Amino acid sequence: MKRISLCGNSRFSYLTWCERSKKLAPEYEKAASILSSHDPPVVLAKIDADGEKNKDLATEFEARTYPTIRILRNGGKNVQEYKGPREADGIAEYLKKQSGPASAEIKSVDDATAFIGENKVVIVGVFPKFSGEEFDNFTVLAEKLRGDYDFGHTMNAKHLPRGESSVAGPVIRLFKPFDELFVDFQDFHVEALEKFVEESSVPVVTVFDSDLRNHPFIAKFFSSPNTKVMLLINFTAEGAETFKSKYREIAEQYRQSGVSFLVGDVKSTKGSFQYFGVREDQVPLILVQRNDGKKFLKPNLEPEHISTWFKAYKDGNIAPYFKSEPIPEANNEPVKVVVGDSFSDIVLNSGKNVLLEFYSPWCIYCTQLAPILEEVAVSYQSDAGVIIAKLDGIANDISSDSFEAKRYPTVYFRSSSGKISKYGGNRTKEDIIEFIEKNRDKPAHQEQAKGEKEKLKDEL
């Protein structure tokens, strides 16, 4: 595909194709038509990431899922993730905003009222003049984070709805629709500014309910690299406010230690129950997910349990929790089903050579691989030393750190002696069998026969 050359204030976005891309495509085309007459120019383009010539571009722009949209500035030197709507008018408005200045000047109370609003996070810089190191660093920050936040600047703090109105600056004032409603900051090193914005722009406790205004903060919570603590309760049940109050106490105590907190209404978080492998009859429950993937669970808790249980977790006195589907009563198909609770027995302790596929139920490539693994399994049905198996990586956790499946399908082979190899070859029956035979441990009698054969060959 022809590479587009960029210069000046031109913008360039791209998407890659799959079913969701096909749904996006008509809206993307409409947005391109709307933006065709915009000044400065906003150029929309698309790339088929499955094309052999374009795979390097997909890697360069970190297109791990499809569709992926990126915004490129300054001839492609600056790359930003697109975080806007997926319908034509929304795409056009988002990109128009992205094509203008990163920070808007606030000249009046009316400007501030229209700009800040009541339901979003906004960062405003107050400066005695729009020049100097502090203002330049603020501009760098605004350019870097413009896809996530709205930035403004003013010379008169009296225009702003909250905070000290006589301050002349330089000062950064972050407005938010929760907790203390605004917070000031005066360290103008770019790294310090960015850290301040990221930490101050999330609630002490994120609320997961049906209120659409909370959804941006919910998304931010789950995308954070922090350890995540989740309290799931029935918001309308008796005692719900007591739970929230006790929970907020520990959130305020630990919020600066790389931990994020969320309280979720059971009616709005049903998808989380399946994802984390918990049940509604365990509510009220508290769940901790660390960034190493380990989880810790306390079901059916009382408000007074929250503080003591969390302290025990912080002290390392709580054992990890592993989600698992039920162990199948019958497991007679050629490809054996492994779940979290049977992983050790089948994969680690069976004394067999095991080829294990980690898959996702909605993964197209997993669906394509399934019949091939079936053929491989059938070819080994008479070989008691080899097991071909699969594990749903979404519905099950495992207790071993030696198997890492960041994407699906991921295939590992564990020999009967414990040697672990990750499969990276072609997804054909022949290649997979060749890989198994190369890495498997042979039964003792086969090894003895092989040794005698080699000895005879040497003697001859």
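It should be emphasised that the depicted structure is a prediction, and the values quoted were computed from it without experimental measurement.
Side-chain contact of Thr428 with Asp431: a donor-acceptor pair under 3.5 Å is present, judged by distance alone.
Around CD of Glu238, the count of heavy atoms belonging to other residues, nucleotides or ligands within 6.0 Å does not exceed 12. Atom CZ of Arg213 is surrounded by 12 or fewer heavy atoms from other residues, nucleotides or ligands within 6.0 Å. More than 12 non-hydrogen atoms from other residues, nucleotides or ligands lie less than 6.0 angstrom from NZ of Lys270. Heavy-atom contacts from other residues, nucleotides or ligands closer than 6.0 Å to NE2 of His189 number 12 or fewer. Residue Glu118 places its CD atom among 12 or fewer non-hydrogen atoms of other residues, nucleotides or ligands, all under 6.0 Å distant. Residue Lys323 qualifies as enclosed at atom NZ: its count of foreign heavy atoms under 6.0 Å is above 12.
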Decide side chain to side chain contact (heavy atoms under 4.5 Å, CB included) for Leu24 and Ile69; before the verdict, give the C-alpha distance in whole Å, the side-chain angles of both, and the deciding distance to 0.1 Å. CA-CA 11 Å; Leu24 174 62; Ile69 304 178; 3.7 Å; yes
I would like to know whether Lys220 and Glu198 meet salt bridge (charged side-chain N to carboxylate O under 4.0 Å, His left out); could you show each step before the answer? CA-CA 10 Å; Lys220 194 175 182 68; Glu198 293 299 330; 2.9 Å; yes
Side chain to side chain contact (heavy atoms under 4.5 Å, CB included) between Asn439 and Ser415, intermediate numbers included: CA-CA 7 Å; Asn439 291 280; Ser415 71; 5.9 Å; no
Evaluate the ring pair (Phe, Tyr, Trp, His ring centres under 6.0 Å) criterion for residues Tyr408 and Tyr359: first the C-alpha distance (whole Å), next the side-chain angles of each, then the deciding distance (0.1 Å), finally the verdict. CA-CA 5 Å; Tyr408 304 109; Tyr359 74 95; 7.9 Å; no
Check the pair Phe178, Phe217 against ring pair (Phe, Tyr, Trp, His ring centres under 6.0 Å), reporting the backbone distance first and the verdict last. CA-CA 11 Å; Phe178 48 80; Phe217 307 113; 5.1 Å; yes
Would Leu348 and Arg414 count as a side chain to side chain contact (heavy atoms under 4.5 Å, CB included) if you check the C-alpha gap in whole Å, the side-chain angles of each, and the deciding distance to 0.1 Å? CA-CA 8 Å; Leu348 302 181; Arg414 186 184 187 277; 3.6 Å; yes
Dump the intermediate steps for side chain to side chain contact (heavy atoms under 4.5 Å, CB included) on Lys30 and Glu27, then the final yes or no. CA-CA 5 Å; Lys30 291 177 186 176; Glu27 301 298 320; 3.9 Å; yes
Verify side-chain hydrogen bond (donor to acceptor under 3.5 Å, both in side chains) between Asn234 and Thr236, making sure each step is shown before the conclusion. CA-CA 5 Å; Asn234 186 335; Thr236 60; 2.8 Å; yes
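Between Leu355 and Ile432, some side-chain heavy-atom pair lies under the 4.5 Å cut-off. Residues Leu285 and Leu287 form a side-chain contact, since some pair of their non-hydrogen atoms from C-beta on lies under 4.5 Å apart. Side-chain contact between Gln368 and Pro409 is absent, with no heavy-atom pair separated by less than 4.5 Å. Proximity of Phe208 to Asn214: side-chain heavy atoms (C-beta onward) are nowhere separated by under 4.5 Å. Between Ile436 and Ile388, some side-chain heavy-atom pair lies under the 4.5 Å cut-off. Between Tyr423 and Thr410 the shortest side-chain heavy-atom distance does not fall below 4.5 Å. Contact of the Leu369 side chain with the Glu357 side chain is registered, since non-hydrogen atoms from C-beta on lie closer than 4.5 Å. Using a 4.5 Å heavy-atom threshold, the side chains of Gln282 and Leu297 count as touching.
Between Arg255 and Glu252 no salt bridge is recorded (no basic side-chain N to carboxylate O distance below 4.0 Å). Between Lys144 and Glu194 there is a salt bridge, since a side-chain N of the basic residue sits under 4.0 Å from a carboxylate O of the acidic one.
Formation of a donor-acceptor pair under 3.5 Å by the Asp150 side chain with backbone atoms of Ile116 is not found in this model. In terms of modelled atom types and a separation under 3.5 Å, the side chain of Asp179 and the main chain of Pro203 share no donor-acceptor contact. Side chain of Arg173 to main chain of Arg162: a donor-acceptor pair is present (N/O by atom type, distance under 3.5 Å, no hydrogens or angles). At distances below 3.5 Å, at least one donor-acceptor pair connects side-chain atoms of Thr308 with backbone N or O atoms of His305. For the pair Thr269 (side chain) and Asp265 (backbone), a donor-acceptor distance under 3.5 Å is present. Side-chain atoms of Lys336 come within 3.5 Å of backbone atoms of Glu333 as a donor-acceptor pair (strictly under, hydrogens ignored). Ser324 places a side-chain N or O within donor-acceptor distance of the main-chain N or O of Asp341, the cut-off being under 3.5 Å. Remark: side-chain polar atoms of Ser201 are paired, donor with acceptor, to backbone N or O of Val197 under 3.5 angstrom. Remark: side-chain polar atoms of Asp397 are not paired, donor with acceptor, to backbone N or O of Phe322 under 3.5 angstrom. A donor-acceptor contact shorter than 3.5 Å links the side chain of Lys352 to the backbone of Ala384.
Ring centers of Phe261 and Phe221: at least 6.0 Å apart, outside the cut-off. Ring centroids of Tyr321 and Phe296 are separated by 6.0 Å or more, keeping the two rings apart. In this structure, the ring of Phe403 has its center less than 6.0 angstrom from the ring center of Tyr412. With ring centers used as reference points, His153 lies under 6.0 Å from Phe135.
Heavy-atom minimum distance, Pro170 versus Glu134: CG-CG, 3.8 Å. Residues Val202 and Glu199 come closest through the heavy atom pair CG2-O, 3.5 Å. Scanning both residues, Phe343 and Ser400, for their nearest heavy atoms gives CE2-CB, 3.9 Å. Here the shortest heavy-atom pairing between Lys46 and Glu29 reads NZ-OE2, 3.3 Å. When all heavy atoms of Ile218 and Asp209 are compared, the pair lying nearest together is CD1-N, 4.4 Å. When all heavy atoms of Phe151 and Ala102 are compared, the pair lying nearest together is CB-O, 3.6 Å.
In this structure, CG in Leu231 is found 6.5 Å from CG in Leu301, a value given to the nearest 0.5 Å. Once rounded to the nearest 0.5 Å, the distance linking CG of Leu356 with CD1 of Ile346 reads 9.0 Å. Atom CD1 of Ile106 is separated from atom CZ of Phe115 by 5.0 Å, given to the nearest 0.5 angstrom. To the nearest 0.5 Å, atoms OH (Tyr28) and CG (Leu44) are separated by 4.0 Å. Rounding to the nearest 0.5 Å places CZ of Phe276 at 8.5 Å from NZ of Lys228. Atom NZ in Lys406 sits 14.0 Å away from atom CZ in Phe358 (nearest 0.5 Å).
Test Thr206, Thr227, Asn226 against Ser260 for side chain to side chain donor-acceptor pair (under 3.5 Å) and you get one pass: Asn226.
A cation-pi arrangement is present between Lys244 and Phe235, with the terminal nitrogen or guanidinium carbon under 6.0 Å from the aromatic centre and inside a 45° cone about the axis.
The aromatic rings of Tyr313 and Trp309 lie parallel to each other, with less than 30° between the two planes, well short of the 60° mark.
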